[in-house]
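Every chain is numbered from 1, with letters handed out A, B, ... down the list of sequences.
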There are 2 protein chains.
Amino acid sequence: MVKNSDGKIWIGDCPIRQVLDRFGDKWSILVIELLSHEGKLRFSEIAQTIGDISQKMLTVTLRSLESDGLIIRQFFPEIPPRVEYELSDLGRSLVPHIQQLTSWGQEHMEAIKENRRRFEEKQSKG
Amino acid sequence: MVKNSDGKIWIGDCPIRQVLDRFGDKWSILVIELLSHEGKLRFSEIAQTIGDISQKMLTVTLRSLESDGLIIRQFFPEIPPRVEYELSDLGRSLVPHIQQLTSWGQEHMEAIKENRRRFEEKQSKG
DNA sequence: CAGTATCCGCGGAGATACTG
DNA sequence: CAGTATCTCCGCGGATACTG
């Protein structure tokens, strides 16, 4: 939590926001998780495993992960071309923390859904 | 990582996606972090500390966190009214994992920015 | 003070067509 | 195969005005 002298949170430098800005998108974390499980994968393999990601978004996601040094892209100039993606050391260093969050989700997400259900029920009753 | 029999990730039940869907929004994590540091806060105190959140989004964020049982809302029917928010046990249980991610960010975000800078430079050169 | 109600703009994301 | 290039849509989130 980073505060200014006026007591306000300084959003720009706030580490939480930086992490969320980087990984809060729809696909980055999922791709990292996938590569952490499967090792080295081709573009089409990632697309097929995720299933409901568009070609465009997979390209955008992989390019941004590559640009940030979280994954490594290896291009083989064959015909037809082959491209393989794998996690970098930097990317791998994030995986345990993702798994922490994931296991928290597995443990508590049902309770959250139940809470939400009850809350909505209470609202509708007045 | 949850897969179907066809080898595809089952997005709907995937714990990672559930967590991201819940906490990937702009303000939830930030509010939880804030409450974990400050304990009990009034609506206006949260608004002023964050600084650049709109009244609407703070209302929406607090209401959704309350509905999911992550925070507790206490209303005092005074004039003018007073409302205090604090973390629930469920909300508190998430805090350590957020801090894990945050410290990872503090450790590696500069490297990521540097990687991105170099990547863009390389692209512009050809 | 702590919200609602309403309108609106922007950008993330999908669909489709095309290419080295 | 692994992408680009466009067009488009949707909904998150901001701005503003109002209220118990």
Side-chain angles (χ1 to χ4, degrees), chain A residues 8-9 11-12 14 17 20-31 34-35 38 40-68 71-86 119 123-124 126, chain B residues 8-9 11-12 14 17 20-31 34-35 38 40-68 71-86 119 123-124 126:
Chain A
K8 294 186 180 179
I9 297 175
I11 302 290
C14 184
R17 279 250 63 88
L20 288 176
D21 285 349
R22 178 59 192 86
F23 299 105
D25 68 297
K26 197 168 178 181
W27 302 111
S28 289
I29 295 283
L30 197 61
V31 168
L34 178 58
L35 288 177
E38 309 289 331
K40 200 174 285 191
L41 287 179
R42 303 182 61 167
F43 184 93
S44 55
E45 290 173 327
I46 301 175
Q48 284 165 29
T49 307
I50 294 184
D52 67 341
I53 187 172
S54 65
Q55 228 174 6
K56 172 190 162 185
M57 286 317 297
L58 183 53
T59 299
V60 169
T61 302
L62 289 171
R63 196 71 71 242
S64 75
L65 290 173
E66 185 200 1
S67 86
D68 291 3
I71 64 172
I72 296 168
R73 176 182 187 269
Q74 205 170 356
F75 174 75
F76 301 88
E78 311 163 357
I79 293 178
R82 180 161 56 99
V83 180
E84 288 180 350
Y85 295 92
E86 60 181 325
F119 186 85
Q123 298 311 87
S124 67
Chain B
K8 292 186 182 180
I9 297 174
I11 301 290
C14 183
R17 279 250 61 88
L20 288 176
D21 285 349
R22 178 59 192 86
F23 299 105
D25 68 297
K26 197 168 177 181
W27 302 111
S28 290
I29 295 283
L30 197 60
V31 168
L34 178 58
L35 288 176
E38 309 290 331
K40 200 174 286 190
L41 287 178
R42 303 181 61 165
F43 184 93
S44 54
E45 290 174 327
I46 302 175
Q48 284 166 30
T49 308
I50 295 184
D52 68 339
I53 187 173
S54 65
Q55 229 175 6
K56 172 190 163 184
M57 287 318 296
L58 182 53
T59 300
V60 169
T61 302
L62 289 171
R63 196 71 72 244
S64 75
L65 289 173
E66 184 199 0
S67 86
D68 291 4
I71 64 173
I72 297 170
R73 176 182 187 270
Q74 205 170 356
F75 174 75
F76 300 88
E78 312 162 357
I79 293 178
R82 180 161 56 100
V83 180
E84 288 181 350
Y85 295 93
E86 60 181 327
F119 187 84
Q123 298 310 88
S124 66

From the candidates D/dG3, C/dT4, C/dC1, the one with an atom nearest any side-chain atom of B/Thr59 is C/dT4

- Kindly indicate whether the side chain of A/Lys56 and the base of D/dA5 share any N or O donor-acceptor pair separated by less than 3.5 Å? no

Between A/Trp27 and the options A/Leu34, A/Ile46, A/Ile50, the side-chain contact (heavy atoms from CB on, under 4.5 Å) test singles out A/Ile50

Taken to the nearest whole Å, CD/B/Glu78 to C1'/C/dG3 is 16 Å

Separation of C/dG14 atom P from A/Asp25 atom CG, nearest Å, is 11 Å

Winner on side-chain proximity to A/Arg82, out of D/dA2, C/dG3, C/dG14, is D/dA2

When rounded to whole Å, the CZ to C1' distance for the pair B/Phe76 and C/dA2 reads 14 Å

Whole-Å distance, B/Asp52 CG to D/dC12 P, equals 19 Å

Rounded to whole Å, CD1 of B/Ile71 lies from C1' of C/dA2 at a distance of 14 Å

Please test A/Glu45 against A/Glu38 for side-chain contact (heavy atoms from CB on, under 4.5 Å), starting from the C-alpha separation and ending with a verdict. CA-CA 10 Å; A/Glu45 290 173 327; A/Glu38 309 289 331; over 6 Å; no

Checking N1-N3 plus N6-O4 or O6-N4 for Watson-Crick, or N1-O2 and O6-N3 for wobble, each under 3.5 Å, the partner of D/dA2 is C/dT19

Atom CG of A/Leu30 and atom P of C/dG12 are separated, to the nearest Å, by 19 Å

Rounded to whole Å, the CD-C1' distance (A/Glu45 to D/dA2) equals 13 Å

Judged by nearest nucleotide, the residue sitting upstream toward the 5' end of DNA chain D, A/Ser44 or B/Ser54, is A/Ser44

*Between A/Tyr85 and A/Leu41, does a side-chain contact (heavy atoms from CB on, under 4.5 Å) hold up when you go through it step by step?*
CA-CA 5 Å; A/Tyr85 295 92; A/Leu41 287 179; 5.6 Å; no

Inset, instruction - Could you go through the side-chain contact (heavy atoms from CB on, under 4.5 Å) check for A/Arg63 and B/Phe119 one step at a time? - result: CA-CA 10 Å; A/Arg63 196 71 71 242; B/Phe119 187 84; 4.0 Å; yes

Is any side-chain nitrogen or oxygen of B/Arg63 closer than 4.0 Å to OP1 or OP2 of C/dG3?
yes

A/Leu58 atom CG is separated from D/dA2 atom P, nearest whole Å, by 10 Å

Assert: residue with more 5' nearest nucleotide on DNA chain C, out of A/Pro81 and A/Gln55, is A/Gln55

Checklist line | C/dG3 phosphate, OP1 or OP2, under 4.0 Å from B/Arg42 side-chain N/O | finding: no

Query - Under-4.0 Å side-chain N/O to phosphate OP1/OP2 contact, B/Tyr85 with C/dG3 - result: yes

Between the CG atom in B/Leu65 and the CZ atom in B/Phe23, the distance rounded to the nearest 0.5 Å is 7.5 Å

